[in-house]
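What follows is one structure encoded as structure tokens, with my remarks underneath.
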2 protein chains.
Amino acid sequence: MRTPEPLLILTTDELLAERWQGLADRVLHGRQADALDAWRRDGHRLVVADLGLGSPTSPLWESAAWKRSAHGLQILAASSVPSEDEGLTLMNAGASGYCHSHGPLDTLRQALEVIASGELWVGRALLSRLLRLVDSRLPRAGLADWSSGLTDREREVAHHAAVGESNALIGDTLGITERTVKAHLKAIFEKLGVEDRLQLALRVHGVR
Amino acid sequence: MRTPEPLLILTTDELLAERWQGLADRVLHGRQADALDAWRRDGHRLVVADLGLGSPTSPLWESAAWKRSAHGLQILAASSVPSEDEGLTLMNAGASGYCHSHGPLDTLRQALEVIASGELWVGRALLSRLLRLVDSRLPRAGLADWSSGLTDREREVAHHAAVGESNALIGDTLGITERTVKAHLKAIFEKLGVEDRLQLALRVHGVR
DNA sequence: ACGCCACCTGTCCACGTGGACAATGGCGGG
DNA sequence: CCCGCCATTGTCCACGTGGACAGGTGGCGT
């Protein structure tokens, strides 16, 4: 982040290429999937891909070839005419971020920093819509009800265990003995009716 | 962004206060809403508020007083035990960001930069779940994609293991030796880059 | 025919896990 | 004031797991 990572830009738009050239190591005209392969082979990860004015969900992005090429890369998709639908499609197709092509350069730079660090980027417009959609339409049942009946400490331990941390690690991060972690887990298993930390993980993450 | 903005930290957790003091101008123990008013009167905007271990949806955050005080401020809510539910509630209650209290400091710093620039911050775990929830008919890359590269048999074994079955059981149902199951799992772990059947389960079920 | 690969099986061993006995201190309600 | 709940820690042990050595078969392409 401090030292900007090599960045590949894919676009067919002359103006955008010019506009963005300041922050990229390499600008390619086109959207060839093989360019992605080459980029990855060179050990790089960061890519900005311009969608141009294509159909809202360009078939290119849904092709198996694209997904295969995009795998392992962190791609910031930029659209000239951002839409909820397009954003969703692209993010679900494996993109790490989605932004407006003609937005401020600073925003683009920030988005790149964010996805370079392994997080995801979605602009505030789309994100706030997502939040409202989920909040209004989806019943809360099953989202967080697993923790009902657990004490605060148990909830905490359960959360750590559910993401694959070992008892020793959990105890270490919580500042307690491994033995105590096991005691909490015992109670957790009992209360949730599971007998495994794996079953716990599935329960916590809402599987089945 | 380049010149860090004044930052107020609200927490009741000693360890967190110590951990975060490096990046704050002022650390307050407590969660008083009037502290927010004072902060805004001084012309500041940035706040990190620790939720502690309160109930998933602490009543404090839903009170009218809190919302009034939080208005105009950019608040990053930090939870020790993040959950979908809590994140949704807080973001919809006016928070600008939601993150894990014990996450890396760099991530926190980045989140602060992002919300300082007027955007919203949601960690990739919650965000990816939101995306999947909203667009659930499209199996997200990683949900149907985890099995790419695996052989048919490996896919089969992986599926059984990912729902919590023991090696012996898997071998039994597939009509092979437990030893063979372990061999398959070895290959699976290798190919997927995990080292655990729990990590495998999370991967298979699209968690993280 | 040779090599590659998917599939199958064997033994040994270090390690983490979960259960079965325990015990102590604190804190709030009846 | 005692009882119940919570958090904490202890030892011992059976078991499943995953890694590290091994191998053996059959199919498929050059």
Side-chain angles (χ1 to χ4, degrees), chain A residues 68 146-205 207, chain B residues 12-16 51-56 58 79-81 101-102 146-205 207:
Chain A
R68 199 180 52 244
W146 61 270
S147 59
S148 72
L150 299 188
T151 68
D152 290 338
R153 203 53 160 169
E154 286 165 355
R155 225 188 316 274
E156 204 166 5
V157 171
H159 174 262
H160 284 282
V163 293
E165 295 182 16
S166 72
N167 292 342
L169 209 184
I170 298 172
D172 207 48
T173 49
L174 295 186
I176 56 179
T177 318
E178 175 180 351
R179 177 63 188 85
T180 310
V181 176
K182 295 168 82 173
H184 286 306
L185 278 176
K186 177 102 167 64
I188 293 167
F189 292 157
E190 175 84 18
K191 290 181 178 178
L192 295 187
V194 300
E195 54 181 11
D196 238 67
R197 61 206 297 112
L198 200 154
Q199 295 294 339
L200 168 66
L202 296 185
R203 174 74 59 93
V204 166
H205 292 104
V207 178
Chain B
T12 56
D13 188 321
E14 295 288 344
L15 277 79
L16 281 181
L51 303 170
L53 284 166
S55 53
S58 172
S79 171
S80 303
V81 262
S101 304
H102 298 87
W146 61 272
S147 57
S148 75
L150 298 187
T151 68
D152 290 337
R153 204 54 159 170
E154 285 165 355
R155 223 187 317 274
E156 203 167 3
V157 172
H159 176 261
H160 284 282
V163 292
E165 296 182 16
S166 72
N167 292 342
L169 211 184
I170 298 173
D172 207 49
T173 50
L174 295 186
I176 55 180
T177 317
E178 176 181 348
R179 178 62 190 84
T180 309
V181 176
K182 295 169 83 173
H184 285 307
L185 278 176
K186 178 105 164 67
I188 293 167
F189 293 156
E190 176 86 18
K191 290 181 178 177
L192 295 188
V194 299
E195 54 181 10
D196 237 64
R197 59 204 299 113
L198 201 155
Q199 295 295 339
L200 169 64
L202 297 185
R203 174 75 58 94
V204 167
H205 293 105
V207 177

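Below, chain A is the first sequence line, B the second, and so on; all start at residue 1. Side-chain atoms are counted along with the backbone in the values below, which use heavy atoms only and exclude waters and symmetry mates.
Note: CZ (A:R155) to C1' (D:dA7) measures 15 Å, nearest angstrom. Between the CD atom of A:E195 and the P atom of C:dG16 there is a distance of 22 Å, given to the nearest Å. As a whole-Å value, the separation of B:E178 CD from C:dC8 P is 15 Å. Atom pair A:H184:NE2 and C:dG18:P shows a separation of 15 Å (rounding to whole Å applied). B:R153 has its CZ atom 14 Å from the C1' atom of C:dT9, to the nearest Å. Rounded to an integer number of Å, the gap from A:I188 CD1 to C:dG19 P is 12 Å. A straight line from CD of A:E190 to P of D:dC5 spans 13 Å, rounded to a whole angstrom. D:dT17 atom P lies 9 Å from atom CG of B:L185, rounded to whole Å.
Under a 3.5 Å cut-off, the side chain of A:T177 and the backbone N or O of A:T180 do not form any donor-acceptor pair. A donor-acceptor pair under 3.5 Å links the side-chain atoms of A:R203 to the main chain of A:L192, judged by distance alone.
No N or O donor and acceptor, one from the side chain of A:R179 and one from the base of D:dT8, sit under 3.5 Å apart. Between the side chain of B:K186 and the base of D:dG18, no donor-acceptor pair under 3.5 Å is found.
The residue among A:V194 and B:E154 whose nearest nucleotide of DNA chain C is located toward the 5' end is B:E154. For the pair B:T151 and B:K182, nearest-nucleotide mapping onto DNA chain C gives the more 5' position to B:T151. Projected onto DNA chain D by closest heavy-atom contact, A:K191 and A:A183 fall at different nucleotides, the more 5' of which corresponds to A:K191.
Of the residues in residues 165-176 of chain A, those lying under 4.0 Å from DNA chain D by heavy-atom distance are A:I176.
With rounding to the nearest 0.5 angstrom, the CD1 atom of A:I170 is 5.5 Å from the CZ atom of A:R197. Here the CG atom belonging to B:D196 is positioned 8.5 Å from the CG atom belonging to A:L198, to the nearest 0.5 angstrom. Atom-to-atom distance recorded for B:Q199:CD and B:L202:CG is 5.5 Å, nearest 0.5 angstrom.
Across all non-hydrogen atoms, the minimal contact from A:A187 to A:E154 is CB-OE2, 3.4 Å.
Exactly one of A:H160, A:R153, A:H159 qualifies for a side chain to side chain donor-acceptor pair (under 3.5 Å) with A:E156. That residue is A:R153.
At C:dT9, one or more side-chain N or O atoms of B:T177 fall inside 4.0 Å of OP1 or OP2 (strictly under the cut-off). In this model, the phosphate group of C:dT9 is approached by a side-chain N or O of B:T180 to a distance below 4.0 Å at OP1 or OP2.
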